Amino acid sequence: MDLNFTPEDIAFRARVRKWFEDNTPRGEMRTLDERKAWHRKMYEAGFIGMGWPAEYGGKNARPMEQAIVSDEMTRANAPSAVNGLGTSICGPTIIVHGNEQQKQRFLKKILNADEIWCQLFSEPNAGSDLASLKTRAEDKGDHYEINGQKVWTSGGTIADWGILLARTDTTVPKHQGISFFLINMRQPGIEVRPLKQITGGSEFCEVFFTNARVEKENLIGKLNQGWMIAQTTLGYERGSGTLNRVTAYMMSLRRLLGATRKLKKNGGAAFDDLLVRQKLGRAFVELEVMRYSGLRTLSRLEKGLRPGPESSIAKLYYSEYGKRYHEWVMEILGPYGNVLEGAPPEFSGPDRIDGGGQTAWGVSFLGSRGPTIYAGTSEIQKNIIGERVLGLPKEVRMDRMQSKGE
Amino acid sequence: MDLNFTPEDIAFRARVRKWFEDNTPRGEMRTLDERKAWHRKMYEAGFIGMGWPAEYGGKNARPMEQAIVSDEMTRANAPSAVNGLGTSICGPTIIVHGNEQQKQRFLKKILNADEIWCQLFSEPNAGSDLASLKTRAEDKGDHYEINGQKVWTSGGTIADWGILLARTDTTVPKHQGISFFLINMRQPGIEVRPLKQITGGSEFCEVFFTNARVEKENLIGKLNQGWMIAQTTLGYERGSGTLNRVTAYMMSLRRLLGATRKLKKNGGAAFDDLLVRQKLGRAFVELEVMRYSGLRTLSRLEKGLRPGPESSIAKLYYSEYGKRYHEWVMEILGPYGNVLEGAPPEFSGPDRIDGGGQTAWGVSFLGSRGPTIYAGTSEIQKNIIGERVLGLPKEVRMDRMQSKGE
Amino acid sequence: MDFDFTQEQAALRDSARDYLSQKCTTQFVRTMFEDPTGFSKPMWKEMAGLGWLGLTFPEENDGLGLGMVELALMLEEMGRAVFPGPYFASVLLAGGAIKAAGDKSQKQKYLGGIASGDVIATMGMLEDAPNWDAEGIALNAQAGGGGFVLNGMKRFVPFAQAADVMLIPARTSKNADPGKGISLFLVEAKGKGVESSPMKNIDLTNKASEVRFNNVMVPEENVVGEIDNGWHVVQKVLQQAAVGASAEMLGAARKSMEMSVEYAKMREAFGQKLGQFQAIKHKLADMLVDVESSHSAVYYAAWAQDAQSADAALAASVAKAYVGDAARKVCGEAIQVHGGIGFTWDFDLHLWFKRAKFYEPMFGDAEYHRELAARALAG
Amino acid sequence: MDFDFTQEQAALRDSARDYLSQKCTTQFVRTMFEDPTGFSKPMWKEMAGLGWLGLTFPEENDGLGLGMVELALMLEEMGRAVFPGPYFASVLLAGGAIKAAGDKSQKQKYLGGIASGDVIATMGMLEDAPNWDAEGIALNAQAGGGGFVLNGMKRFVPFAQAADVMLIPARTSKNADPGKGISLFLVEAKGKGVESSPMKNIDLTNKASEVRFNNVMVPEENVVGEIDNGWHVVQKVLQQAAVGASAEMLGAARKSMEMSVEYAKMREAFGQKLGQFQAIKHKLADMLVDVESSHSAVYYAAWAQDAQSADAALAASVAKAYVGDAARKVCGEAIQVHGGIGFTWDFDLHLWFKRAKFYEPMFGDAEYHRELAARALAG
């Protein structure tokens with residue numbers, strides 16, 4: 001065991017920190033061009049797609065370097081990269097499963113944000129059970145024709161291209177009839193509608209396909225092998241999430257600490273109250289444990305070990321932590337926590353996760369209900385942990401009863 | 001809504017309280033004869049089998065009267081009736097499902113504790129899934145021969161008779177091959193071994209049957225209908241549990257309150273600590289809600305409404321409360337909570353549930369792990385609530401897949 | 001011993017549910033999000049016509065003369081309907097205080113006005129600190145000019161933007177005992193020196209404001225109850241507010257549970273109904289336990305108020321502490337059971353989640369009431 | 001950055017697990033329940049031979065010169081084996097204090113003695129109140145007669161019945177700062193004026209006593225460290241004890257989880273394996289999250305001690321607070337997963353439940369350490 005950062009890591013972090021201090025845009029970015037410019041600036045600094053193989057424009061960066069960059073971005077409250085989905089998921093899929101022509105056509109433009117990407121997987125009736133998706137891709141000779149609806153598409157309004165899962169064979173068990181496509185979002189058959197969330201924000205979209213078109217050359221892998229491709233763990237963007245999430249919560253917790261010194265309770269400051277300190281202490285304790293676990297994951301990644309289903313443990317921990325943490329925030333702040341506008345400035349909330357200023361505590365609280373649902377609900381994570389980590393037998397389930405052959 | 005007790009109820013309670021003040025034995029009862037004598041004394045006072053029909057020696061007592069008697073017994077820390085299972089389960093089963101001869105033979109002796117009864121249902125491999133029990137009853141012409149093992153038999157060492165579920169047909173789905181017997185416990189084919197629990201106590205037994213004998217006249221109901229008979233809700237002992245359980249916890253809570261005044265913390269009494277008071281407050285709040293819900297149940301019973309699957313709500317509430325409550329106790333008392341012997345008297349524990357002095361807090365804590373398991377685990381209760389109260393569809397389960405015909 | 005509603009109470013609940021389900025649809029509720037007053041005047045007038053605005057007022061003040069049980073079931077229905085408007089503020093808070101301590105002419109004028117829907121009233125309690133004890137009252141009222149001059153600030157004043165009159169506890173004299181020296185004033189909401197600025201809440205159906213009082217003149221006849229002896233009135237109103245808030249949260253929780261049960265019966269995943277998954281089934285079972293226990297807590301507490309039972313104050317604390325926690329769990333788990341759709345604005349579920357959250361800290365949070373319960377235990 | 005054990009550390013863990021699984025069976029453990037000293041002398045001697053009794057002592061004192069990481073993994077294995085005996089008391093508590101502050105001859109005599117198994121040592125900390133701060137030390141030590149005279153009482157002294165010598169923090173002078181004026185004494189456990197009476201614990205493998213000191217003479221050479229300046233030594237030992245207790249609880253929790261997983265794979269109900277029920281599967285998944293997170297917490301904290309990291313004290317508090325809660329949940333849920341059999345004495349599961357419970361309040365409970373964490377956060 002040695003949990004010290006190496007001198008190289010420390011020096012790298014210092015350089016990265018300096019860069020973000022010097023370059024992070026002040027104030028909110030309002031236009032897409034500004035956001036693309038910021039993406040390119042980070043790319044030129046070597047911070048975008050840094051885990052990609054060098055031959056495709058990446059830097060073969062170690063997980064630790066990626067973790068440090070993510071962490072410093074968070075610390076600087078820097079706006080996120082506008083083509084984050086492109087560099088973290090779409091590009092890597094093309095690198096692993098795409099053909100040479102697809103690599104030539106798309107990868108460069110992903111890295112420099114010439115083309116913005118989105119992901120078209122979930123459907124209104126296919127969430128946790130993604131494989132039951134119904135969007136159809138029909139073979140029309142020279143192209144596929146897409147009809148159906150997707151949901152929870154982040155960045156849908158600005159995307160030029162998307163990765164799409166669609167059904168190409170309805171006669172086989174559900175996992176076997178799905179194909180993986182690249183689809184041009186700039187076409188008449190596609191309508192994108194922003195999807196408002198309970199926070200009031202609209203980071204996601206619904207996407208409707210009416211006879212939309214995918215060229216045959218934009219099929220990824222083989223026909224009907226889309227499920228397998230979508231399930232592949234793509235290994236180029238590692239280390240992210242191990243440190244920066246803790247840093248984000250730590251920044252929020254420090255702001256909360258500040259609020260407890262201003263908020264009055266029982267004739268003194270709220271911080272002087274034993275119950276308030278228990279909550280702060282609990283929030284800090286559980287966050288430190290998240291940090292330790294993050295270091296443990298990072299140390300495995302550094303050895304080249306793949307993050308297996310154990311990543312479900314991290315997902316479960318941080319998403320459930322986020323819910324608990326924000327309930328403590330609301331308990332501590334009392335009625336001030338509920339106020340979106342009109343509270344004194346000392347009770348205004350934490351930095352927005354994607355940079356560009358503060359949000360209200362109430363919005364942050366509402367947002368905390370999302371992570372236990374998206375990217376695999378807590379229930380799904382527990383199934384994964386139970387079956388793939390602990391080796392428990394699979395539950396008896398109706399779809400398994402109906403099609404044993406899957 | 002009117003939650004006042006009637007003047008009659010109040011007068012009845014006063015009489016009952018006076019009786020227990022005058023008659024409750026002091027000190028622990030050591031012999032079975034003493035316990036039987038106490039049972040008979042309560043019977044003669046009209047407090048045993050009081051819900052039974054008058055024609056069988058009962059008093060047709062209202063649920064409220066039964067609740068008041070249970071409650072006052074608890075308040076007086078009176079020893080429980082030695083033949084409690086006989087009067088609450090075995091006798092009522094005979095009244096409802098037995099024939100005239102069986103009623104004549106057994107009922108009177110149950111009420112006056114001439115014969116002590118036990119229940120022989122659970123098996124080592126048939127707990128939650130009781131219907132999978134394997135103890136066999138084989139037809140030997142004039143009698144049935146019993147082989148197998150039962151567990152969690154309370155009062156097994158002192159019982160003269162038991163109610164027994166045994167399999168009489170192995171060729172049909174599991175619920176359809178079970179019969180309900182009365183078995184004489186005083187015979188060579190039965191061995192009873194005390195079963196020590198994690199508390200160190202041995203309130204339960206294991207019972208082993210080797211060619212044990214049940215006379216044919218001691219079959220209850222028809223052959224192979226035992227499951228249905230065991231599932232019947234027997235309505236003669238109602239009201240118990242609505243008030244007395246709350247009173248028992250209240251007595252424990254008051255003793256805990258006393259301990260917090262003696263226990264030192266941060267230079268003062270533990271009671272002066274905000275965190276300790278939060279726990280006391282929470283324990284009191286949740287207990288008061290249990291009391292309100294008990295009154296609500298009692299009010300339904302008084303109208304002659306049957307306690308349906310809603311009783312699962314009460315079971316779940318009180319058993320989970322008991323776990324939480326005892327964890328708060330242990331948190332408050334710190335290392336003193338763990339001490340079984342050798343702590344100062346001010347930290348000795350609450351009254352034993354079945355009367356006769358105090359127990360250590362640690363024993364009470366350990367005991368609190370039982371109620372979420374026995375008489376239907378919390379998981380089983382939640383299934384019942386989900387399916388029978390909320391009307392949710394049944395889960396897909398292997399035994400249902402295998403034998404749809406059940 | 002009867003824990004069920006009387007026929008009259010059940011009829012009142014049914015008519016409230018009927019009316020609100022027809023008129024106070026979530027479509028209507030959403031139109032009130034951006035409305036500065038946050039309620040519909042025509043609907044208010046209809047409710048006056050139904051007698052609900054004077055539900056608990058004496059008949060001589062145009063009220064129905066009913067009690068806390070009836071008010072609680074009305075508020076449960078309003079929680080269930082996410083009713084937007086100053087009902088709680090006007091009827092329970094301000095109305096409750098005036099009913100308890102107002103003189104004959106004040107009752108006639110204000111209770112009558114509230115009951116007819118012509119007067120919207122509210123009450124300002126909190127100031128800088130979220131403190132529900134007498135220590136929290138610092139707003140200064142200085143005798144002078146045939147009345148009093150008020151200076152100070154109230155926060156979280158419900159529906160101040162809609163109100164005609166505000167009941168304001170203020171400090172008229174300083175004492176070692178902070179419960180002494182508090183008096184109650186009826187202040188014209190649009191009067192000179194009164195400045196309101198909105199405090200937008202996550203529950204967009206519950207409007208509130210910060211209200212500043214700059215040398216506000218209040219005539220002597222607008223003092224409610226005795227000078228310096230107003231705190232016990234506030235305490236009683238806060239007790240009833242705790243019960244009423246619990247009833248609102250119960251309504252939100254029960255509705256959230258019912259929607260979740262329906263969803264679990266209908267929604268499919270992996271070839272079966274959501275409700276067939278044990279994880280979901282058990283969550284829903286836990287929700288039912290919380291909701292039914294909350295029902296017991298709310299109505300016991302309401303009955304105890306009406307019966308002036310010795311444990312009435314304790315029962316109010318029990319209800320607020322228990323239901324606050326329970327509703328949080330139930331409304332939160334409802335989102336989890338629904339998954340993605342429960343996180344969307346257009347789906348209604350979040351309305352109840354936010355309504356329950358709004359009431360959690362109001363009139364004392366669960367910790368505050370647990371502390372009161374612990375003190376009651378210690379006797 | 002490497003969170004894994006070194007090869008040497010892994011080998012130590014393997015040999016500890018091998019030895020304990022062979023020698024320290026639960027059958028053996030149960031024979032110690034009623035044993036007044038609570039440990040086996042032959043086994044103790046074998047452990048001395050393996051070097052474990054001097055694991056963390058300097059090589060010049062017959063130790064292995066290893067650190068807190070190694071001690072933590074040894075204690076995790078002991079928790080896993082429900083090891084009965086004064087290892088924690090002798091090696092970590094008393095040994096740790098003497099190692100930190102003892103003079104050369106004390107180290108030689110006592111560390112050497114502990115390492116060889118000839119000396120059983122322990123440490124008395126708590127008195128009347130379960131107070132882990134300096135305020136808790138009231139036992140009086142009065143200079144006189146070429147040494148000190150001790151009067152007072154210690155409670156919860158681990159394995160006092162088995163001990164030869166007890167390290168006793170006592171008050172040698174009164175100061176406004178309670179952390180000043182505390183000195184450490186080595187007291188002969190069977191010496192004149194020392195009276196022990198057992199305090200039977202729910203964890204029957206962990207013996208403890210109340211020890212009364214009536215005019216106990218302690219010679220000057222038995223003072224460990226500086227007079228009046230012993231508290232910082234106690235503090236350091238308490239930090240390491242917090243980490244060590246967390247390691248014990250981790251061992252108990254992991255074993256409970258593993259047994260539960262095995263049981264869920266084997267036990268059938270309703271025609272299927274227990275582990276196929278989502279309610280059970282999800283419980284087990286939660287248990288794994290708790291156990292793996294506890295592993296991270298324990299070994300980070302142990303490493304921080306060895307590395308003298310700036311957050312070493314914080315990490316010890318984080319571990320104790322986190323693992324205390326986690327082990328409680330895991331060991332408790334293990335009983336629930338097992339159902340009836342888990343509630344029986346003859347089935348082993350309760351041994352770990354009780355072991356974890358024993359350590360929960362020791363060396364500061366979760367609340368105490370959360371308070372320390374909050375203060376650390378505030379800086």
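Here the structure is a predicted model, which means the values were calculated and not measured. A note on names: the letters A, B, ... follow the listed sequences, proteins ahead of strands, and every chain is numbered from 1.
For a residue to count as touching a neighbouring chain, one of its non-hydrogen atoms must lie under 4.5 Å from one of that chain's; by this rule C:Asp365 touches chain A with the side chain only. Contact annotation for C:Phe277: only side-chain heavy atoms (C-beta onward) come within less than 4.5 Å of a heavy atom of chain A. Residue A:Leu130: no heavy atom, backbone or side chain, is found under 4.5 Å from chain C. Using a 4.5 Å cut-off between heavy atoms, C:Glu127 touches chain A through its backbone atoms (N, CA, C, O) alone. Using a 4.5 Å cut-off between heavy atoms, A:Glu395 contacts chain C through its side chain alone, with no backbone atom that close. Heavy-atom distances place both the backbone and the side chain of A:Tyr336 under 4.5 Å from chain C. Contacts between A:Ala360 and chain C at a heavy-atom distance below 4.5 Å are absent for every atom of the residue. Contact of A:Lys382 with chain C is not made at all, since no heavy-atom distance falls under 4.5 Å. Both the backbone and the side chain of A:Ser128 come within contact range of chain C, judged by heavy atoms closer than 4.5 Å. For A:Leu275, the part lying near chain C is the side chain, with the backbone staying farther off; criterion is any non-hydrogen pair under 4.5 Å. With a 4.5 angstrom heavy-atom cutoff, C:Ala269 touches chain A via backbone and side-chain atoms both. With a 4.5 angstrom heavy-atom cutoff, C:Glu367 touches chain A only via side-chain atoms. Contacts of C:Ile341 with chain A are made by backbone atoms alone, with heavy-atom separations under 4.5 Å and no side-chain atom involved.
Between the CD1 atom of A:Ile332 and the CZ atom of A:Arg277 there is a distance of 11.5 Å, given to the nearest 0.5 Å. Taking NZ from C:Lys354 and SG from C:Cys331, the interatomic distance works out to 12.5 Å, rounded to the nearest 0.5 Å. Considering OG1 of C:Thr37 and CE of C:Met32, their distance stands at 7.0 Å, rounded to 0.5 Å. Rounding to the nearest 0.5 angstrom, the gap separating the CG atom in C:Asp325 from the CG atom in C:Asp290 is 9.0 Å. Between atom CE of residue C:Met123 and atom NZ of residue C:Lys154 there is a gap of 8.0 Å, rounded to the nearest 0.5 Å.
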> Where do C:Phe347 and C:His350 land on the side-chain contact (heavy atoms from CB on, under 4.5 Å) test, with the steps shown first?
Replying inline: CA-CA 7 Å; C:Phe347 191 74; C:His350 67 107; 5.8 Å; no

>> side-chain contact (heavy atoms from CB on, under 4.5 Å), that's the test. Do C:Met125 and C:Trp132 meet it? Break it down for me.
In response: CA-CA 8 Å; C:Met125 170 72 203; C:Trp132 300 97; 3.6 Å; yes

> When you look at A:Thr135 and A:Arg167, which way does the side-chain hydrogen bond (donor to acceptor under 3.5 Å, both in side chains) test go after all the steps?
Replying inline: CA-CA 6 Å; A:Thr135 294; A:Arg167 191 160 299 284; over 6 Å; no

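Top candidate by heavy-atom pairs under 4.5 Å with chain C, chosen from A:Asn338, A:Asn125, A:Thr372, A:Ile373, is A:Asn338. Between chain C and the options A:Asn266, A:Val363, A:Leu366, heavy-atom pairs under 4.5 Å are most frequent for A:Leu366. By number of non-hydrogen pairs under 4.5 angstrom with chain C, the leading residue of A:Pro344, A:Ala270, A:Ser378 is A:Pro344. Heavy-atom pairs under 4.5 Å with chain A were tallied for C:Glu135, C:Met199, C:Lys283; the largest tally goes to C:Met199. Ranked by heavy-atom pairs under 4.5 Å with chain A, the list C:Met362, C:Gln276, C:Arg328, C:Lys273 is led by C:Arg328.
Using modelled atom types, one finds no donor on one side chain facing an acceptor on the other under 3.5 Å when comparing A:Thr153 with A:Glu206. Under the 3.5 Å distance criterion, with hydrogens and angles disregarded, no donor-acceptor pair is assigned to the side chains of A:Lys196 and C:Thr344.
In this structure, A:Arg369 is not positioned above the aromatic face of C:Phe343 in the sense of NZ or CZ being under 6.0 Å from the six-membered ring centre and within 45° of the axis.
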